[in-house]
Every structure is written in structure tokens, then in C-alpha cells.
Number of protein chains: 4
Amino acid sequence: MDEIAKIARKAKGSIYYHFASKEDLFREVIIKEMNNLKNQLTKIFTNPELSAYEKLNKYFIKRMEVLNNAANYHETLKADFFEHFHFVDDLRTDLDRWEKENIMKIINQGINSGEFVLDIKTDVVADIFLMVLKGLEIPFFLQNKYEEYSPHFEGLIQIFNKGVSK
Amino acid sequence: MDEIAKIARKAKGSIYYHFASKEDLFREVIIKEMNNLKNQLTKIFTNPELSAYEKLNKYFIKRMEVLNNAANYHETLKADFFEHFHFVDDLRTDLDRWEKENIMKIINQGINSGEFVLDIKTDVVADIFLMVLKGLEIPFFLQNKYEEYSPHFEGLIQIFNKGVSK
Amino acid sequence: MDEIAKIARKAKGSIYYHFASKEDLFREVIIKEMNNLKNQLTKIFTNPELSAYEKLNKYFIKRMEVLNNAANYHETLKADFFEHFHFVDDLRTDLDRWEKENIMKIINQGINSGEFVLDIKTDVVADIFLMVLKGLEIPFFLQNKYEEYSPHFEGLIQIFNKGVSK
Amino acid sequence: MDEIAKIARKAKGSIYYHFASKEDLFREVIIKEMNNLKNQLTKIFTNPELSAYEKLNKYFIKRMEVLNNAANYHETLKADFFEHFHFVDDLRTDLDRWEKENIMKIINQGINSGEFVLDIKTDVVADIFLMVLKGLEIPFFLQNKYEEYSPHFEGLIQIFNKGVSK
DNA sequence: AATGAATGAGTGTTCATTCAT
DNA sequence: GATGAATGAACACTCATTCAT
């Protein structure tokens, strides 16, 4: 909180006028960034001109990009590991559900268009895709591996795409 | 250290007889666990009866299993993970090289046997595979997601396998 | 710090609001006390009505008195004296120079007035005088010898005075 | 005690077989060094060929020299400031009495031979001499000022000598 | 006589939170 | 609304001492 107060150029006591606790402050900030993420990703889901593969591709890359710029999100993730903020789990559950729905829509679009041919149930494929996506968050943002890993995004998506095609 | 001492049923001071600092204790645990991981995985690499696909599959699953057990065993050390990233990173460099070599061997075995047909260079595929693998570590290790995610391992490997086949 | 906090009737944590560390607190106390010492001694140096002998005498006695009061006042800091010698030494360098200059002025005044006749160079006499003075500091400051030693101050100065006279 | 054990190349536990406590260990060591000091100084007192001035001079210089080499004595003084070993006071009281007696003998010798002419009582002069002597111990041995200060010993004794002469 | 291991009271320091003004 | 000051529980670490072997 000292650090936050310093950045905000306010007294530490002042922060407690606006936020009941450290957890409360983190919650408000992370909700904002999650909404931003949703907004950015919605533009991709709803773009009628993109094929399923293109959507998966852009989804993946945009997601990483947005989160890479979401400094407060990183800080919250970090703090979460130390302090086990329960609200993070709650908010993630929401976001997870939202993402899964939309990923499933993309996959179904791909099945309908003949792009994808699955040996596995759609929702399991969506889970897997999201599992990988979310797994990458932490090394990227907390270990600063974004620059190191991002060149491999295209390759990963290609393999994944081929893995669910024909 | 209080917590660790409690679990060890020793006085906090006693721990400092055996380890010069918390970081020292952490390091020794990490090294032990990494060696354990290497030993377990070596059994898979060196098994001549396994196809490349089987090796990838078993590699993936065993790796997660070992790390998950380590995580459960060393519950109290989780909080230190981020504080001590710096030297975990140092120790990782060696392990990373070791893993990449062995993954590349598996991929090459797959290419030679005709199992795999790559559009991407071998070492990039290995990097991607390891990137996904390492991404999943932290959700498992720090967020207790093993139970939630492990049912999807098979599916992920299948997709990956198909993504690099034929 | 426990003890200091107790005397200040504050929580230990509160002290760290005002001082970054124990060393910092120690430093500020020492600086204040040194400035106080300089102010007290300046009054003696600059008094035009005093002979050189009177100045030496008063200088000696006042110096010990001020340090003894400081010692009583800062009882809890005594233990830190040796741990923090390093920067006390740094601060001393300035004070030492200041004192030597002023002692030399007194001695020169004594030479000019015919009070003192030296077999030894002025600045060596000043060094010797200060050596004795500083030697007595620690028994006073750390070992509470003020009451035991102070009755001998006059005699010491007399001997010293005679030792540099005629 | 760790440090002492290390120097002695014994286990810390072993030291407690020979000494009941840290204080006990320090006591035994310092008694030895004080006896050594007494032996060295006795040679000077009892030398019939020396004048009183020569004795004072040699006494002063030998005392500093012996103590400067008494490493354990320094350590004990240091430890005393931290831990307030009461035995140090007791041992010093003995030594002080012994020293005062002998210094008084020297002064009386000087008076009888006509070397010294005192305005002050003999025992007060002895106290003053010892006060200065003891005061110098600490800067010399704990602040490593021996090399810096020792060149001034002769000058100090000269002034002192003149201060008690004719 | 010796030792490796253990102990527990103590140390300086941090930090989210509270509160009078 | 804002702030400087205060709080107390927590933390990693130290060290003289003890003890079973």
C-alpha cells in the first residue's frame, strides 16, 4: 500500500477513504482490466469476416497482448499468490465461463464450416485451449517471458489448428 | 519459517542449524525436486519400447504428476516461489537445456519412424511443447489446478500429436 | 528498539515511521548531540574575557558535562555504540577538525599572552590534549564514570597547565 | 561462542564442557592477561636503576604496548559493553588498586628524590595519571588508534612530568 | 571429553490497517 | 476528502545454552 500511495501521490491513509481494504482496491482494478479484455476479445468473436481458424489465431494473440499490457492484472496475480485473494478466483470463474462460451462458438463455427474435425467433444477442446492459454499467462507476465515466447504463438496455433482439422 | 518449523516439529532456530537461510532451504528443496524430476523422466526417454507419441504422452503426464506431488509435499514453500524466482531461474536454465535436448530426441525419433511430419523446425516444435508444459506448471504448483486440469492431458497430447503428424 | 519504543511509550512499529532504521535513529541522535556540544563549547572559545588557562579549564569541564548528560539521556543507545562505530567515526572527523582548530587557538592565545611556553609544537600539544579528552569520553559515556572521575578534572588541568607553562 | 568454537576448532558444545558460561570463559581468559600485565609492569617498578620520571615513562608505554597485544582483553572489553559482565568491574577494581599503589610508590620516589614537587596530594595525582591511562585504552584498542596515538605518548608524559616537577 | 542437534527468547524490520485532526 | 502518525502482528534470523549420545 505504501508503494501504491506513492504512485498515486496520496497519503496511505487517503487510500483507505476510497477502498475498504487492499483486497477491495485490487478487486476494483482487476474488474476494470477484465472488462477491457472482454471488450477487446468481443471484437474478434463478433467479426463475421473471420474464419474459425483466424478467430482462434487472433483470439490467442490479442489475449496475450492485452494481458501483457495489463500491469495491474499482473500485480494482482502476484499479490494473489502471496495473500490468496478469494475474489480473484470468483472473478476468474466468471471470465472462464465467458471465455469458454465464446471459444466454443468459434469451434462450432469451424465444425460447421468444415474447417475443424474433432475426435474430442467440443467443450473438452475448449477447455484444453483455455488451459493452455491460461497456463501461459504466468510465465509471460510474471517472469517477463512475453518477448521470449511470443514468437512461438503462430507455431503453437498452427499445430493446434492442424490437430483439430480434417 | 514458523510454519515450516511447525510441520517439522522443530524449533524455528533448529532449522537454521541445517540451512543457512530460508533461501538456502528453498534452493536445496528445488534442487532435490529437479533431480527427482530428471530421474523420473529419464526412465521414459530411455525406454526403447515406446513410440515417439507414447513418449511424448508419458513425458507430459509424468512431468505434471511429479511436480504436483512436489507441490503437495512442499505446500509451505509455495509462498516463496516469487520471492525466489531469481535463483529458481538460474537452476532452471540447466534443466531447460536438458529437457529441450530430450524432447528434440523424441521428436526426431518420431520423424525417423514416420510418426511425425513437421511444417515447423524441430527445435521450434520442442520450444513450443516446453512452453506449454512450463506454462501449466504454475497453475498446478501454485494454484492446485492438477485435479481440474489433469483429465485434459490426454486430449491435449492427442491434439498436439495430430498437429505434428502425417 | 523494543526498549526505545517502551521509553518513548510508542509501538515499536511507530519508530519506523520516523526513522528508516536503528542506525538512522542513532545517527540523528549523534548529530544533534554533536551540534549541541559545538554550541556549548563555542560560547567558551569566543568569550574574550577568559585567559587561555581558563578557557582550557572550562572547555574540558563543559565538554565532559555535556557528554555525560547526553549519555544519561540516551541510555538505551549505549549498546549500539560499537556496532555503529563506523559512522560515528565519519561524523567525528568533522568534529575532530573543529575541536583541534579551536584548541590550537586557545594554545596560541596562551603563547601570545605569555601564559604558555611550549617545548613541543602547538599542534602536537593540541593533539595530546584532545587525545586525553577523547580517551575519557568512553568511560564517561559507556561506563558511568563521570561521578567517579569528575572530581579529578581540575587537578588534571592544573597539571597540564603547569606542564605547558613558563 | 560460534566464533570462539571455530577458532578453537572445537564444537560449540565442547566449550561448555570446560566453561560453565560465556562469562566464565571470558573471566578465565582475562585473568590470565591481567596477570601478564602485572608481571610486565612489576619489572619496571622494581628496577632500582630507574628515576621516577623514567619509571612513569616506561610504565605508560609498556602498559599500552602490553594491552595493545592483549587481543582477548580487547574482546572482553567489547563484550562487556554489550553484556555488562560484572566480573570485569571486580577484576578491574583489583587491578586499579594494584596499579594505584605502584604509581604512588613511583610518585613518592620522585618526591623523595626531588624530581617531583606537587601542588596536589599524591594519591590524587596517581588517580589522575591512571584516569588518563585507562581512558586511552579504549580508543587505542577498540578503535585501533594505537598506531595513530602512540607517537604522542612521549609528549604527554613530558607535559605530565613538567606538570608535577619543580 | 567431545559433538551434532536442538532450543527459545530476543533482534531489527515490514506492512495492512486505524484514527484523530 | 485527506493526511501524518500510530499500531501490532508477523517475519527472517541470531545466539547462549542444553543435552543425548
Side-chain angles (χ1 to χ4, degrees), chain A residues 1-27 75-76 78-80 82-85, chain B residues 1-27 76-77 79-80 82-84, chain C residues 1-27 76-77 79-80 82-84, chain D residues 1-27 75-76 78-80 82-85:
Chain A
M1 297 299 273
D2 278 289
E3 220 172 321
I4 291 165
K6 205 169 158 190
I7 291 166
R9 296 194 197 206
K10 296 281 163 204
K12 196 165 39 158
S14 309
I15 297 183
Y16 282 86
Y17 182 81
H18 298 283
F19 301 96
S21 67
K22 197 186 177 194
E23 183 161 336
D24 197 57
L25 182 152
F26 272 81
R27 181 187 295 109
E75 286 307 314
T76 307
K78 238 185 232 172
D80 182 33
F82 288 115
E83 326 205 10
H84 306 299
F85 292 152
Chain B
M1 295 302 269
D2 278 291
E3 217 174 327
I4 289 166
K6 209 166 155 190
I7 290 166
R9 296 198 198 201
K10 297 282 163 204
K12 197 167 35 160
S14 309
I15 303 201
Y16 283 86
Y17 182 79
H18 299 282
F19 303 95
S21 67
K22 201 184 181 189
E23 181 154 332
D24 193 60
L25 177 135
F26 194 66
R27 186 193 342 270
T76 46
L77 288 174
D80 289 45
F82 285 108
E83 274 179 302
H84 296 315
Chain C
M1 294 304 268
D2 277 292
E3 216 174 330
I4 291 166
K6 208 165 155 193
I7 290 166
R9 298 200 197 198
K10 298 281 165 207
K12 198 165 40 156
S14 308
I15 304 203
Y16 283 86
Y17 181 79
H18 300 281
F19 302 95
S21 66
K22 201 184 179 189
E23 182 155 332
D24 194 60
L25 176 135
F26 193 66
R27 187 190 344 268
T76 47
L77 288 174
D80 288 43
F82 285 109
E83 274 179 302
H84 296 316
Chain D
M1 296 301 274
D2 279 289
E3 220 171 321
I4 290 165
K6 205 169 159 190
I7 290 167
R9 297 194 196 204
K10 297 282 162 203
K12 197 165 40 157
S14 309
I15 297 184
Y16 281 85
Y17 182 80
H18 298 282
F19 302 95
S21 66
K22 198 186 177 193
E23 183 162 334
D24 198 56
L25 183 152
F26 272 79
R27 181 186 298 111
E75 285 308 312
T76 307
K78 240 186 231 172
D80 181 34
F82 287 116
E83 327 203 13
H84 306 300
F85 293 152

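Since we're looking at a predicted model, the values are computed, not measured. In the text below, chain A, chain B and the rest are named by the order of the sequence lines, each starting its count at 1. For the numbers below, each heavy atom of this structure counts, side chains included, while hydrogens, waters and symmetry mates do not.
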*Does dC15(F) have a Watson-Crick or wobble partner in any strand here, with both distances under 3.5 angstrom, and which is it?*
dG8(E)

*asked:* With side chain to side chain contact (heavy atoms under 4.5 Å, CB included) as the criterion, how do Lys6(C) and Thr76(C) come out once you've worked through the C-alpha distance, each side chain's angles and the decisive distance to 0.1 Å?
replied: CA-CA 10 Å; Lys6(C) 208 165 155 193; Thr76(C) 47; over 6 Å; no

*Mind checking who dT14(E) pairs with, Watson-Crick or G-U wobble, both distances under 3.5 Å?*
dA9(F)

_Most 5' of Ser14(C) and Asp2(B) on DNA chain F, judged by nearest nucleotide_ = Ser14(C)

*Complementary nucleotide for dT21(E) - Watson-Crick or wobble, under 3.5 Å*: dA2(F)

*In whole angstrom, what separates Tyr16(C)'s OH from dA10(F)'s C1'?*
14 Å

*5'-most contact on DNA chain F: Lys12(B) or Ile15(A), nearest heavy atom basis?*
Ile15(A)

*Please give the nucleotide sitting opposite dA1(E) as a Watson-Crick or G-U wobble pair, both distances under 3.5 Å, or none.*
none

*What is the distance from atom NZ of Lys10(B) to atom CD1 of Ile4(B), rounded to the nearest 0.5 Å?*
15.0 Å

_Non-hydrogen atoms of His18(B) and Ser14(B) that approach each other most closely_ = CD2-O, 3.4 Å

*asked:* Distance check needed: dC13(F) C1' versus His18(B) NE2, whole Å only.
replied: 16 Å

*Please figure out whether Glu23(C) or Arg9(B) has its closest DNA chain E nucleotide nearer the 5' end.*
Arg9(B)

*Tell me: CZ of Phe26(B) to P of dA12(F), nearest whole Å?*
12 Å

*How would you give the extent of chain C contacts on DNA chain E, as first and last nucleotide 5' to 3' within a 4.0 Å heavy-atom cut-off?*
dT11(E) to dT14(E)

*Can you see which heavy atom on Tyr16(D) is nearest to which on Lys22(D), and at what distance?*
OH-N, 4.5 Å

*Nucleotide nearest Tyr17(A) when distance is taken to its side chain, options dG1(F), dA10(F), dA16(F)*: dG1(F)

*Whole angstrom is fine here: how far is it from CE in Met1(B) over to P in dC13(F)?*
6 Å

*asked:* Can you tell me if Glu23(C) has over 12 outside heavy atoms packed within less than 6.0 Å of its CD?
replied: yes

*Looking only at non-hydrogen atoms, find the nearest pair between Ala11(A) and Ala5(A) and report the distance.*
C-CB, 4.1 Å

*Interatomic distance where CD1 belongs to Ile4(B) and C1' belongs to dC13(F) [whole Å]*: 13 Å

*asked:* Minimum heavy-atom separation for Asp24(B) and Phe19(B), please, with both atom names.
replied: OD2-CA, 3.8 Å

